[in-house]
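This report concerns only the one structure given below.
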Amino acid sequence: MPALPHHHRAAVLTGTKGSVEAMAGTTEHDVIVIGAGIAGLAAAITLAAKGLQVRVFESRDKAGGLCGTRHIDGYEFTVACNDFGSALATTMAELGVEIEFHRPRSRICTERATYTLPIGLATAGPFLRMVPDLVRFSRAVRATHGSGRTVFVSEILTDAVKGREFADFIGVLCLAFGTPPGRFRTDMFTALFSKELGYGYGHPVTPVGGPQSLSDKMADRLRDLGGRLDLNTAVQHVTYGPGTKTVTTDKSPHQARYVISSQQRLDLYPEDTEPGLAVGTLHIATTPDAPFPAGVHTLLHAPAGLPGLLEGLDAGRSPAAPAFNLFPCELPEQRAYRSFNAYVPLPRGVDELDPTERTRLELYLLEHIEAMLPGFTSKIRYQRFVSPGEFQEIHQLSSNVTPVVIPPGFHKPDGYDPDRDIHYVGNTVQPTCEHASSALASGLRAAHLISKAMPNGAG
């Protein structure tokens, strides 16, 4: 099993142990946050609301990271994150971020039926024949709790599930997190829907105006509270250890008692840890009247045998009939076009595609999009397939669905590093799971710990 590629195994902040005395030209803050993704912004807003002097540094030209948009050849497209658990709406209200949310549906198109989520009275029919398998699956998963051994979803599918259709449905959930059933731990799987963690993925939401509006409104809320956000500012060096820390950017040095970093803590994972599957992205721009069902956010094409397809991708094999999902990129203003992203998982280790495979995938995606949405392809003005390598080049971000596949027997490290006295946020630290809502929760945790640690008890 190969180790993570270099661009995934990002180094921890280069640092010097021990605090330093004030340097000429430094500016002082209570808290410095490195990275303006939603985890860093949530932490910054929480602390600024408590009266702390907070400054955020972001190397890119926009806040949000994966929760944002980017213009490509004159058209605006969502970067990655596009739907969220309902906890996001609750958290934004608590933070005072003024943004509304849709509660859209998703459609899963298989060879046998079309399924609509969340399940309601009007959409329950196709699911009824899967109820016996659902019961068997749920019982088998519950039986693994407290067993003391690592159990994977594939084992439950083999031992407890009798119908292929339900197995494919579980495969859809595995696909959403870029992890094949043979490597998706059952404890990680059930945590997605845990009431204790409260992510709310049983009732997903999407921000009105799209993810960039969400990130921009979070940035606005931070500024309203007196916090500062510096874009296009890269952090080069951080001192760590008890006391005041110096954060040196490509522009100037700054000091703060507390530092929150969005850098991944992959240095704490086993050497053979791998990321989730990477996706290729087909960006599509259409005329405004392109057909797409009202009230639906995601259309997913799920070929038969999806669990095996995912295992093949994990082994580096390209399927003849891949799965993919399509969604409209909701933008904050009306445009003379509509933009869509189609995400298709690629074989492990594939960062680039040869021209033949690229063309094959584009034609496959368009053929099946047309089957789901008759008349769609006649409305296309622009299309471009972006490989994982191109995604990294365009966004300075990874297209892996999750940063890591959690190894057997391993638990994500705590976000607070007592040796460095630095708080880390994002999906390589606690809490459990790897998605936007868990990253958000990590930011809130860091803010809570800093609040408690403040001399005057800001928390």
Side-chain angles (χ1 to χ4, degrees), residues 1-2 4-5 8 80 106 108-112 115 117 130 133-134 137 140-141 150-193 201 272-282 298-327 342-351 353 357 360-361 364-365 368 387-388 398-408 427 433-435:
M1 183 184 299
L4 287 166
H8 295 300
S106 298
I108 302 168
C109 302
T110 73
E111 64 177 14
R112 292 189 60 184
Y115 301 91
L117 296 172
M130 294 196 294
D133 270 330
L134 173 61
F137 181 85
V141 169
T150 300
V151 180
F152 296 99
V153 171
S154 58
E155 180 179 332
I156 306 298
L157 292 179
T158 299
D159 295 344
V161 173
K162 298 181 179 180
R164 189 185 71 185
E165 192 75 357
F166 182 78
D168 286 343
F169 184 77
I170 295 299
V172 167
L173 298 177
C174 296
L175 171 68
F177 293 92
T179 307
R183 298 177 71 179
F184 209 142
R185 289 166 37 177
T186 55
D187 58 327
M188 300 286 102
F189 187 87
T190 55
L192 295 171
F193 309 101
Y201 275 96
D272 60 355
T273 299
E274 292 184 302
L277 295 173
V279 297
T281 308
L282 180 61
T298 300
L299 285 178
L300 193 144
H301 167 67
L306 184 52
L309 182 152
L310 292 172
E311 301 294 354
L313 288 169
D314 196 42
R317 298 191 298 272
S318 182
F324 69 90
N325 69 296
L326 172 75
F327 69 90
Y343 292 139
V344 56
L346 298 180
R348 183 169 294 285
V350 173
D351 277 345
L353 299 169
E357 180 64 4
R360 183 188 78 84
L361 275 178
Y364 178 92
L365 295 176
H368 287 83
S387 69
S398 168
S399 76
N400 291 93
V401 181
T402 57
V404 286
V405 176
I406 305 298
N427 276 325
C433 295
E434 296 77 45
H435 47 65

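The analysis underlying the following values was restricted to heavy atoms, covering all of them including side chains, and did not include hydrogens, waters or symmetry mates. Heads up: numbering here begins at 1 and tracks the sequence.
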Kindly indicate, with the supporting measurements, whether the criterion side chain to side chain contact (heavy atoms under 4.5 Å, CB included) is fulfilled by I108 and L117. CA-CA 8 Å; I108 302 168; L117 296 172; 3.8 Å; yes
Donor-acceptor under 3.5 Å ([X] side chain, [Y] main chain):
{"X": "S387", "Y": "D351", "result": "yes"}
{"X": "E434", "Y": "P403", "result": "no"}
{"X": "N325", "Y": "L299", "result": "no"}
{"X": "R183", "Y": "G276", "result": "no"}
{"X": "T298", "Y": "S106", "result": "no"}
{"X": "D133", "Y": "K162", "result": "yes"}
{"X": "R317", "Y": "P347", "result": "no"}

Restricting to non-hydrogen atoms, name the atom on [X] and the atom on [Y] that form the minimum distance, rounded to 0.1 Å.
{"X": "M188", "Y": "I406", "value": "SD-CG1, 4.0 Å"}
{"X": "V401", "Y": "A176", "value": "CG1-O, 3.2 Å"}
{"X": "G182", "Y": "S154", "value": "CA-OG, 3.3 Å"}
{"X": "P322", "Y": "H301", "value": "O-CD2, 3.5 Å"}
{"X": "V153", "Y": "T186", "value": "N-CG2, 3.9 Å"}
{"X": "L313", "Y": "L346", "value": "CD2-C, 3.7 Å"}

So, taking the atom named [atom1] in [X] and the one named [atom2] in [Y], what distance separates them when rounded to the nearest 0.5 Å?
{"X": "E111", "Y": "D168", "atom1": "CD", "atom2": "CG", "value": "7.5 Å"}
{"X": "L277", "Y": "C174", "atom1": "CG", "atom2": "SG", "value": "10.5 Å"}
{"X": "E155", "Y": "R185", "atom1": "CD", "atom2": "CZ", "value": "13.5 Å"}

Where do T158 and F152 land on the side chain to side chain contact (heavy atoms under 4.5 Å, CB included) test, with the steps shown first? CA-CA 10 Å; T158 299; F152 296 99; over 6 Å; no
Checking side chain to side chain contact (heavy atoms under 4.5 Å, CB included) for the pair L173/F184: CA distance, chi angles, key distance, verdict? CA-CA 10 Å; L173 298 177; F184 209 142; over 6 Å; no
Look at the rings of F193 and F189 and say which category their plane angle falls in: under 30° parallel, 30 to 60° tilted, over 60° perpendicular.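 Perpendicular, since the angle between the ring planes exceeds 60°.
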With a 4.5 Å heavy-atom cut-off, do [X] and [Y] have their side chains touching?
{"X": "P181", "Y": "I170", "value": "no"}
{"X": "D314", "Y": "V405", "value": "no"}
{"X": "T402", "Y": "P275", "value": "no"}
{"X": "F169", "Y": "V161", "value": "no"}
{"X": "L282", "Y": "V344", "value": "no"}

Worked verdict on F327 versus Y343 for ring-ring contact (aromatic ring centres under 6.0 Å, His included): CA-CA 9 Å; F327 69 90; Y343 292 139; 5.5 Å; yes
List the steps and the verdict of side chain to side chain contact (heavy atoms under 4.5 Å, CB included) for L300 and L175. CA-CA 10 Å; L300 193 144; L175 171 68; 4.0 Å; yes
